[in-house]
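Here's the structure we're looking at; comments come further down.
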Amino acid sequence: MTSWKELQVPQRILMGPGPANVPPQVLNAMTQCPIGHLDPAFLDVMNDVKAMLQAIFQTQNDRTLAVSGTGTAGMETCLGNVIEPGDEVIICVAGFFGDRMCAMAERMGAQVTRLDTEWGTAFEPEQVAAALKKVKRPKAVAIVHAETSTGVLQPLEDISRLAHEYGAFFLVDAVTSLGGVPVKVDAWGIDAIYSASQKCLGSPPGLAPMSVNDRVLKALFNRKRPVHSWYLDLSLVGQYWGTERIYHHTAPINAIYGLREALRLVLEEGLEARWARHLHHHKALVAGIEAMGLQMHAKAGYRLPMLNTVRVPNGIDEAAVRRRLLEDYSIEIAGGLGALRGKIWRIGLMGHSSNRRNVMLFLAAFEEILLDMGYRFDKGAGIEAAAAVYHAAR
Ligand SMILES: *Cc1c(COP(=O)(O)O)cnc(C)c1O
């Protein structure tokens with residue numbers, strides 16, 4: 001008989017597009033014993049998760065919960081509970097994840113008006129206004145807040161106002177943004193929103209925090225046809241997370257322990273402080289990257305602090321650089337997706353991974369590898385420029 005060795009995974013510094021490193025307190029929380037999913041003690045944990053998510057999403061929405069599944073399950077839940085077959089929806093595609101929204105909406109039988117903008121830019125409200133004028137009865141406008149494939153932050157408020165002027169719901173993907181930059185669900189008039197546990201929130205993958213308002217719930221209860229997915233139907237899932245506590249599916253108990261601890265740490269740090277931390281380390285990293293003569297892919301002013309896209313210089317094999325970072329330094333970064341494959345690196349500074357040690361270590365490793373591969377720049381300039389940002393903030 002084969003004998004299997006006990007699982008041993010390497011320690012990594014996670015500086016890709018997620019998952020990010022997890023604080024030890026979160027891992028500790030997850031090692032506690034599973035208890036019953038209807039045990040009053042567990043229901044208390046769920047109530048805590050709901051209340052903390054309301055604080056982090058900045059919403060009063062009663063239907064705020066964590067879907068059992070990754071961010072993509074959150075996407076499928078938000079779209080699926082709003083869209084009925086035949087509905088006209090406008091989907092803004094500025095990268096890989098906007099594209100995924102279109103694929104889902106089409107499977108749900110929506111008539112999709114797809115808006116495109118160049119990967120690496122954000123949508124202007126005028127573009128969405130023009131589409132809203134053309135569509136007869138727009139049911140929803142859907143957009144990605146932080147496009148992880150391009151490193152671009154999409155301003156939301158004007159587009160939200162426009163969607164509502166035309167009577168459409170405003171749906172937002174906050175998978176990468178939540179916990180790293182401001183996300184204000186009620187103040188910005190977001191009707192349905194979803195995120196994921198493993199990006200800036202600081203827990204392992206497996207849960208999709210989300211929130212919908214009463215307008216969405218009202219439409220949900222007045223649907224002509226039930227939601228396409230039984231598992232993701234919020235009218236059913238909501239009876240488990242709500243006061244009814246009706247069994248729907250077994251909650252992933254230990255994952256919810258982890259999320260509770262991660263959310264607690266987010267609130268302990270404070271949202272404002274957390275956003276400032278993400279911005280600070282982003283500035284240091286960008287100073288370093290630019291001092292090395294490299295170019296950021298996203299325009300200044302629209303850059304995500306938690307996901308930095310850097311253009312690969314001519315003659316450098318981007319995958320080989322990533323391989324060496326992983327093998328020699330145990331650092332994970334990512335390459336480009338879709339149209340940006342081979343053209344950019346994606347360097348994440350998400351949640352627990354967003355810190356000075358990671359920025360300085362990464363730049364040192366990156367400099368060493370690029371120099372060895374023949375890319376010429378002012379040696380040490382990257383590290384010095386990042387250090388200057390830190391010293392100036394002392
Ligand atoms: C990661 C990501 C998703 C998908 O989340 P999974 O947890 O991988 O299912 C969706 N949207 C955005 C913007 C993301 O970055």
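The chain is numbered in sequence order, starting from 1. Read the numbers this way: they start at 1 and go in the same order the structure lists the ligands and their atoms. Only this structure's heavy atoms are used, side chains among them; waters, hydrogens and symmetry mates stay out.
Judged by a 6.0 Å distance limit and a 45° cone about the ring axis, Arg356 is positioned over the six-membered ring of Tyr390. Geometric assessment of Lys199 against the ring of Phe97 yields a positive cation-pi assignment under the 6.0 Å and 45° thresholds.
The nearest protein atom to atom 11 (N) of ligand 1, hydrogens excluded, is given as Asp173 OD2, 2.7 Å; this is a heavy-atom distance. The protein atom (non-hydrogen) at minimum distance from atom 1 (C) of ligand 1 is Lys199 NZ, 1.6 Å. Atom 10 (C) of ligand 1 has as its closest protein heavy atom Phe97 CD2, 3.3 Å.
Between Trp119 and Phe96, the gap from one ring centroid to the other reaches at least 6.0 Å. Close placement of the Tyr247 and His37 rings is indicated, their centers lying within 6.0 Å of each other.
When heavy-atom distances to ligand 1 are checked against a 4.0 Å cut-off, Thr176 comes that close only through its side chain, counted from C-beta outward. At a 4.0 Å heavy-atom cut-off, ligand 1 does not touch Pro17 at all.
The ligand atoms of ligand 1 that sit less than 4.0 angstrom from a heavy atom of Ala146 are 13 (C). Ligand 1 places these atoms under 4.0 Å from at least one heavy atom of Gly71: 5 (O), 6 (P), 7 (O), 9 (O). The contact set between ligand 1 and Gln198, taken as ligand atoms under 4.0 Å from a residue heavy atom, comprises 6 (P), 7 (O). Per-residue contacts place Thr72 under 4.0 angstrom from the following atoms of ligand 1 (heavy atoms of the residue considered): 4 (C), 5 (O), 6 (P), 9 (O). Interface atoms of ligand 1 facing Thr148, defined by a heavy-atom separation under 4.0 Å, are 12 (C), 13 (C), 14 (C), 15 (O).
The backbone N or O of Ala364 lies less than 3.5 Å from no partner atom in the side chain of Tyr329, so there is not a single donor-acceptor pair. In this structure, Gln198 contributes its side chain and Leu207 its backbone to no donor-acceptor pair below 3.5 Å.
Distances shorter than 4.0 angstrom do not occur between any heavy atom of His145 and any atom of ligand 1.
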Please assess His145 against Ser177 for the test side-chain hydrogen bond (donor to acceptor under 3.5 Å, both in side chains), listing each intermediate value before the final yes or no. CA-CA 7 Å; His145 188 205; Ser177 55; 2.9 Å; yes
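Using a 3.5 Å distance cut-off with no hydrogens or angles, the side chains of Asn355 and His281 do not pair a donor with an acceptor.
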